[in-house]
Amino acid sequence: MTNRENIGTAALTGLAPAVWGSTYLVATELLPPDRPLLATTMRALPGGLVLLALGRRLPAGVWWWRASALGVLNIGAFNFLLFFAAYRLPGGIAAVIMSAQPMFVVILAALLLGDRIRALHALACAMGAGGVVLLVLRGAAPLDALGVLAAVGGALCMALGITLTKRWGRPEGVGLLTFTGWQLTAGGLALVPFWLSLEGLPERLTGSHVIGFAHLITLGAVLSYFVWFRGIERLPAVAVSFLALGSPVVATLLGYLVKGETLSGLQIVGMAVILGAVVLGQRPQPDRPQPDRLAPDCLPPERRQPERRQPERRQSELIRRGR
């Protein structure tokens with residue numbers, strides 16, 4: 001993939017976290033209050049069932065449990081923890097805390113994918129963490145402990161989901177929309193028993209609720225997860241993880257533009273630092289020089305090895321000499 005294609009893929013993949021950054025505003029302004037399980041189930045299950053019907057293909061063999069595991073990590077558990085944190089933390093702070101997941105991906109990619117931990121990624125992680133700290137500085141109001149734990153748990157789920165999706169890939173012959181449908185359906189179905197037993201159906205639905213759910217199902221699930229999984233296939237896992245840092249930036253900007261929240265100079269600096277970390281995290285890893293794999297004509301004369309004679313040529317020479 002060329003550098004220009006990498007930039008285009010990264011830009012398209014980055015739209016998914018940008019859309020997810022609006023989830024915090026949608027959850028607090030358009031959805032029924034204090035119903036994270038309902039919000040998560042409605043975000044995942046309807047779109048997943050539609051994609052499943054269009055793809056007309058179910059998982060087979062090992063992919064039954066792999067699709068279920070990915071669906072829980074990438075969709076079910078991640079989105080539940082995201083909504084839980086959004087209901088208990090102010091503004092975009094939940095997104096800010098969850099943006100620590102690139103640091104988790106760097107570690108998991110080293111353990112599960114064999115990726116080398118590069119100094120460049122360590123620097124990008126430090127920049128992202130520093131930008132997060134600056135972005136979180138809103139005042140002296142205490143943060144809800146359960147909300148903070150939920151945000152950290154969501155970051156861990158996303159990090160493990162990205163790493164395992166990269167490790168397992170996609171079954172041969174299965175389209176990306178079908179693969180997305182498997183995960184959305186698995187994540188939604190895993191939450192249905194908890195939703196019905198702990199929250200139940202809402203007493204009534206307003207027009208705002210319908211708009212909020214429509215946003216979650218279309219932009220927030222089907223389209224965003226399609227481009228997200230596409231990016232995971234084409235980009236390194238660590239590079240994809242840094243794109244998720246766009247979510248807190250969008251959440252903070254929407255809070256400022258829509259809800260009239262204040263935006264300090266330090267927060268603006270924090271946004272700039274986070275964006276710098278995203279760009280730094282996209283830099284490709286330089287390939288190690290492997291001169292032995294180069295064509296002999298591409299090597300300098302002093303590093304060329306003498307040409308080995310093929311067995312056929314050696315045998316013909318012996319016959320010609322009468323041996």
Side-chain angles (χ1 to χ4, degrees), residues 10-34 36 39 43 78-79 81-102 124 126-144 146-148 150-152 154-155 158 206-209 211-216 218-221 223-224 227-228 241-281:
L12 182 61
T13 307
L15 291 177
V19 171
W20 296 337
S22 68
T23 300
Y24 306 93
L25 181 66
V26 172
T28 54
E29 300 298 316
L30 297 177
L31 299 183
D34 299 323
R43 181 181 195 173
F78 166 68
N79 280 284
L81 293 170
L82 181 149
F83 281 110
F84 186 87
Y87 283 125
R88 301 184 75 99
L89 295 175
I93 291 182
V96 169
I97 297 174
M98 294 180 77
S99 67
Q101 59 88 18
M127 290 176 59
V132 162
V133 171
L134 293 176
L135 204 59
V136 132
L137 294 177
R138 292 172 173 266
L143 297 179
D144 180 83
L146 289 178
V148 172
V152 174
M158 173 180 272
T206 66
S208 298
H209 297 161
I211 294 174
F213 286 132
H215 170 83
L216 292 181
T218 55
L219 291 178
L223 295 179
S224 61
V227 300
W228 183 247
S241 70
F242 278 104
L243 292 173
L245 291 173
S247 182
V249 174
V250 172
T252 303
L253 286 175
L254 288 176
Y256 172 75
L257 295 173
V258 178
K259 302 181 67 174
E261 297 176 353
T262 58
L263 198 61
S264 67
L266 285 177
Q267 287 179 303
I268 295 176
V269 173
M271 288 184 186
V273 173
I274 288 174
L275 293 176
V278 171
V279 174
L280 199 61

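A quick note: this is a predicted structure, and the numbers were derived from the prediction, not measured.
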What is the distance from atom [atom1] of [X] to atom [atom2] of [Y], rounded to the nearest 0.5 Å?
X	Y	atom1	atom2	result
Leu30	Thr23	CG	OG1	11.0 Å
Leu223	Leu15	CG	CG	10.5 Å
Ser224	Leu219	OG	CG	7.5 Å
Glu29	Ile211	CD	CD1	13.0 Å
Leu25	Leu253	CG	CG	12.0 Å
Phe242	Thr13	CZ	OG1	15.5 Å

Heavy-atom donor-acceptor pair, [X] side chain to [Y] backbone, under 3.5 Å:
X	Y	answer
Arg43	Phe213	no
His209	Thr206	yes
Ser247	Ala244	no

Heavy atoms only: give me the nearest [X]-[Y] pair and the separation to one decimal.
X	Y	result
Leu254	Gly21	CD1-O, 4.4 Å
Asp34	Pro36	C-CD, 3.4 Å
Ala85	Gly147	CB-O, 3.6 Å

Quick one: list whatever passes ring-ring contact (aromatic ring centres under 6.0 Å, His included) with Trp20, sequence neighbours left out.
-> Tyr225, Trp228
Does a side-chain heavy-atom distance below 4.5 Å link Leu81 with Val152?
->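 No - every pair of side-chain heavy atoms lies 4.5 Å or more apart.
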Report the C-alpha distance between Val250 and Val19 in whole Å, list the side-chain angles of each, state the deciding distance to 0.1 Å, and finish with yes or no for side chain to side chain contact (heavy atoms under 4.5 Å, CB included).
-> CA-CA 8 Å; Val250 172; Val19 171; over 6 Å; no
Evaluation steps, side chain to side chain contact (heavy atoms under 4.5 Å, CB included), between Ser22 and His215 = CA-CA 10 Å; Ser22 68; His215 170 83; 3.2 Å; yes
